[in-house]
**Q** 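Pasting a structure below so you can have a look.
Below, read A as the first sequence line, B as the second, and so on, with proteins coming before strands; counting in each chain starts at 1.
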Amino acid sequence: MELFGKIFPKALLFGMLLCIASCSPNYLKDFKLLNNSDLKIPTIFNHDFQKSLYKAKLTIRGRELSGVLIVKRINKSGFRIVFMSEIGLKYFDFGIEYGGEEFMARTYYIMPVLNRGEARDILINDFSLLLSDFKANRKPVVYRSAESKRIAVEYNYNGQVYICFRQSGSDRIGAVKWKSRAGGRSGINIGSFPDGIPSGIEITNKKYSLFLKLQLIEQ
Amino acid sequence: MRAINISFLLLLFRFAYPQGAFVEIGDAGKLKSEIKKHSEEVNSIKSDFVQEKNLSMLQEIVTSQGRFLFRKPGDIRWGYSKPYEYVIVVADGKFRISNEGKISEFDIGSNQMFRQISDMIVMAISGDFVDSEEFDISFFENADFYLAELKPHARQIADMLSAIKIYFDKTSLDVKKLKFIEPGDDYTLIIFKNYQKNMDLKDSEFIFN
């Protein structure tokens, strides 16, 4: 009994650590920390970006919505993101305003069918990251893969940690992964950058079966 | 002095009723009969269209264009060609959508929203709304158009649309423009061009190959 009392707490602790380790994504498996790097994260949308129109397909828990998504800068630090069907029916209209390290989000409209669960928060968080100018006070932690030479930059945003992966041979971001998020981790893949604007963006959130695919059609 | 007075009155009238401004038709009984008769006489429609989605707060207009086909009693082909390829076909109780070449199919009854949108488009374009009890209907006119303004009663529709405006050519009574106004002043304007009616539309127009 005494032996059980000594072993059980240790076994429990070991089990919990194992569980945490297995649940936590290991995005940086082949990466090594670069000390004293002053690398900055390049913005995903250019500083002089004004607007772009994407063909969009949003799938949430098997339900598919298609249409066009417009991203428009409305002032120096604010954007509007509007998703609507091909026939003009609006699905959502979000506003994101940046001020220092935090962002302010406003929902101008969301179709009731989308305003359930975490879908709205996931979309707002991921768009706020995509449109961020990464002007945070905290110094990013930089890693490099010994094999692929890819650079990964770990950052803290609104109290959550994410990692940006640079495209190979480019200073552009090719992917973003949330390392920890209460609302489920999203992975964001970003296509090529004609004229400084992503030609394609894919947001995947497996926990909420959410998938958003954007293909640039006008800018 | 008299000439000045007349000029002044004309000027006043112009400000009171600027060119293009619509005036409500008090007794619309005759116009309703004419629209109803015209609606009964139209069996098919083929028209190009330009769609302007006006996002008022963004001061942004998203423009798309395509071709529209309608055949009684309720077959529709609504196809966009620019800036994207997207076609909706409503026929045989089914909604079929071709989105960038990928085809999907739904029962009309299975999706209430699709059915309502489909019914509204058919109703608005065919002019088959004058006896509808689902809307408050007012009629207006200016030099070029009759305008029917429909305000929905059902909350489910009113949440999406505050009003539908249907513009009829004053001579032919053909529908020239449709305006779907959302709560909050955003709207979708559909302008019909190369409008043709009562032509033979084949079954193949309402299926995807």
**Q** Evaluate the side-chain contact (heavy atoms from CB on, under 4.5 Å) criterion for residues A/Lys72 and B/Leu55: first the C-alpha distance (whole Å), next the side-chain angles of each, then the deciding distance (0.1 Å), finally the verdict.
**A** CA-CA 11 Å; A/Lys72 184 170 182 178; B/Leu55 298 160; over 6 Å; no
**Q** Quick check on A/Glu64 against chain B: is it the side chain, the backbone, both or neither that has a heavy atom closer than 4.5 Å?
**A** side chain
**Q** So, are B/Lys53 and A/Glu86 salt-bridged, with charged N and O less than 4.0 Å apart?
**A** no
**Q** Find the one option among B/Phe180, B/Tyr84, B/Trp78 whose heavy-atom pairs under 4.5 Å with chain A are most numerous.
**A** B/Tyr84
**Q** By a 4.5 Å heavy-atom criterion (distance strictly below it), what part of B/Glu100 contacts chain A: side chain, backbone, both, or neither?
**A** side chain
**Q** Looking only at heavy atoms, which two atoms of B/Gln51 and A/Ile87 are closest? And how far apart?
**A** NE2-C, 3.6 Å
**Q** Are there more than 12 heavy atoms of other residues, nucleotides or ligands under 6.0 Å from atom CD of B/Gln59?
**A** no
**Q** Answer yes or no: are there more than 12 heavy-atom neighbours, outside B/Lys170 itself, under 6.0 Å from its atom NZ?
**A** yes
**Q** Are more than 12 heavy atoms, taken from residues, nucleotides or ligands other than A/Met104, located less than 6.0 Å from that residue's CE atom?
**A** no
**Q** If the contact rule is any heavy atom under 4.5 Å from chain A, which residues of residues 182-193 of chain B qualify, in numerical order?
**A** B/Glu182, B/Asp186, B/Thr188
**Q** Is the number of heavy atoms from other residues, nucleotides or ligands within 6.0 Å of NZ (B/Lys36) greater than 12?
**A** no
**Q** Report, in residue-number order, which members of residues 60-75 of chain B are under 4.5 Å from chain A by heavy-atom distance.
**A** B/Glu60, B/Val62
**Q** Side chains of B/Asn99 and A/Lys57: is there a donor and an acceptor less than 3.5 Å apart?
**A** no
**Q** Would you mind checking which part of B/Lys102 comes under 4.5 Å of any heavy atom in chain A, side chain (CB onward), backbone (N, CA, C, O), both or neither?
**A** side chain
